[in-house]
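Remarks on the structure that follows.
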Amino acid sequence: TEKSKDKQSDNKKPTGAPTLEQSRETPAIVEIAKATETNTLNTTSVDSKIQRTDTIAQIQEMQQSIHQLPQLHGFLEKKSGKRFGGWQKRWFIVKRTHLLWSKKEQYIDNPLDIKERRKFQNSLTLLQLSSVVVDSSDKKKQRQFIVESPRKKYFFRAKNITERDLWVNGLQLHLKALAESMNFINDKVMFRQKTMNNVTKLQKKGKI
């Protein structure tokens with residue numbers, strides 16, 4: 001029957017979308033990745049068709065802005081985290097939700113896949129970062145910048161001021177896009193929760 005076919009289609013999981021078990025990332029990061037890659041965001045049956053249509057349009061707009069972000073990859077120098085450590089040349093790449101680096105040039109398809117990330121020396125989730133700013137103490141050569149998280153500061157050095165500005169401005173755009181994606185998802189979660197609460201109240205009153 002048509003109903004049974006609908007149920008079977010509902011039970012099918014979208015292929016290619018990372019699961020929480022595969023990614024070992026926070027639900028918010030996985031939700032962003034799914035939304036930007038598949039044009040879908042989980043909605044409940046109580047959402048109206050207008051709401052779902054509006055959600056898809058917003059996701060498509062978010063997708064477009066993310067795809068327009070600058071592609072950031074190349075060699076930089078990173079200051080060692082050790083007390084008397086010097087500058088180390090590393091290959092850096094920004095992919096969707098992560099900043100990754102390694103000793104050699106390489107790329108990554110899915111930064112949510114822990115096996116792919118292990119090919120790199122280390123990585124940071126962009127959600128961990130609070131700011132990206134020019135290092136004001138580097139007054140002579142003016143090619144250093146700082147990536148800051150709530151717990152730590154990371155110091156980087158580019159070849160020249162032009163490359164430094166490309167990385168600083170590019171990373172700031174990536175952080176802004178990710179923050180907007182988070183706000184979008186949080187708004188949808190709050191909307192669904194409010195809708196479910198209203199439905200529960202109506203059910204208790206026997207109105208539905």
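No experiment lies behind these values; they were computed from the predicted model shown.
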Quick check: closest heavy atoms across [X] and [Y], and the distance to 0.1 Å?
| X | Y | result |
| --- | --- | --- |
| Asp135 | Gln144 | OD2-NE2, 2.8 Å |
| Gln128 | Pro150 | O-CD, 3.1 Å |
| Ala158 | Arg164 | CB-N, 3.6 Å |

Hphob cluster co-occupancy, [X] + [Y], side-chain heavy atoms under 4.5 angstrom:
| X | Y | value |
| --- | --- | --- |
| Leu126 | Val168 | yes |
| Phe155 | Leu171 | no |
| Phe75 | Phe120 | yes |
| Val134 | Tyr154 | yes |

With a 4.5 Å cut-off on side-chain heavy atoms, are [Y] and [X] touching?
| X | Y | value |
| --- | --- | --- |
| Lys119 | Ile108 | no |
| Pro70 | Leu173 | yes |
| Val147 | Val132 | yes |
| Leu178 | Leu175 | no |
| Leu72 | Leu99 | no |
| Val94 | Trp167 | yes |

As an exercise, state the distance from [atom1] of [X] to [atom2] of [Y], rounded to the nearest 0.5 Å.
| X | Y | atom1 | atom2 | answer |
| --- | --- | --- | --- | --- |
| Ile161 | Leu166 | CD1 | CG | 11.0 Å |
| Leu127 | Thr125 | CG | OG1 | 7.0 Å |
| Lys153 | Ser130 | NZ | OG | 9.5 Å |
| Arg118 | Asp113 | CZ | CG | 9.5 Å |
| His98 | Asn122 | NE2 | CG | 10.5 Å |
| Leu76 | Arg143 | CG | CZ | 10.5 Å |

Can you name the ring pair (Phe, Tyr, Trp, His ring centres under 6.0 Å) partners of Phe145, sequence neighbours left out?
Phe156
Would you check if the side chain of Ser80 reaches a backbone N or O of Lys82 as a donor-acceptor pair within less than 3.5 Å?
yes
Who passes side chain to side chain donor-acceptor pair (under 3.5 Å) against Gln106, sequence neighbours left out?
Ser102
Which one of Arg157, Gln88, Arg90 satisfies the side chain to side chain donor-acceptor pair (under 3.5 Å) criterion with Glu77?
Arg157
Criterion side-chain contact (heavy atoms from CB on, under 4.5 Å) on Asp109 and Glu116, from CA distance to verdict:
CA-CA 8 Å; Asp109 292 323; Glu116 288 196 54; 3.9 Å; yes
Those residues that, when tested against Tyr107, pass side chain to side chain contact (heavy atoms under 4.5 Å, CB included) (two or more places apart)
His73, Trp91, Ile93, Glu105
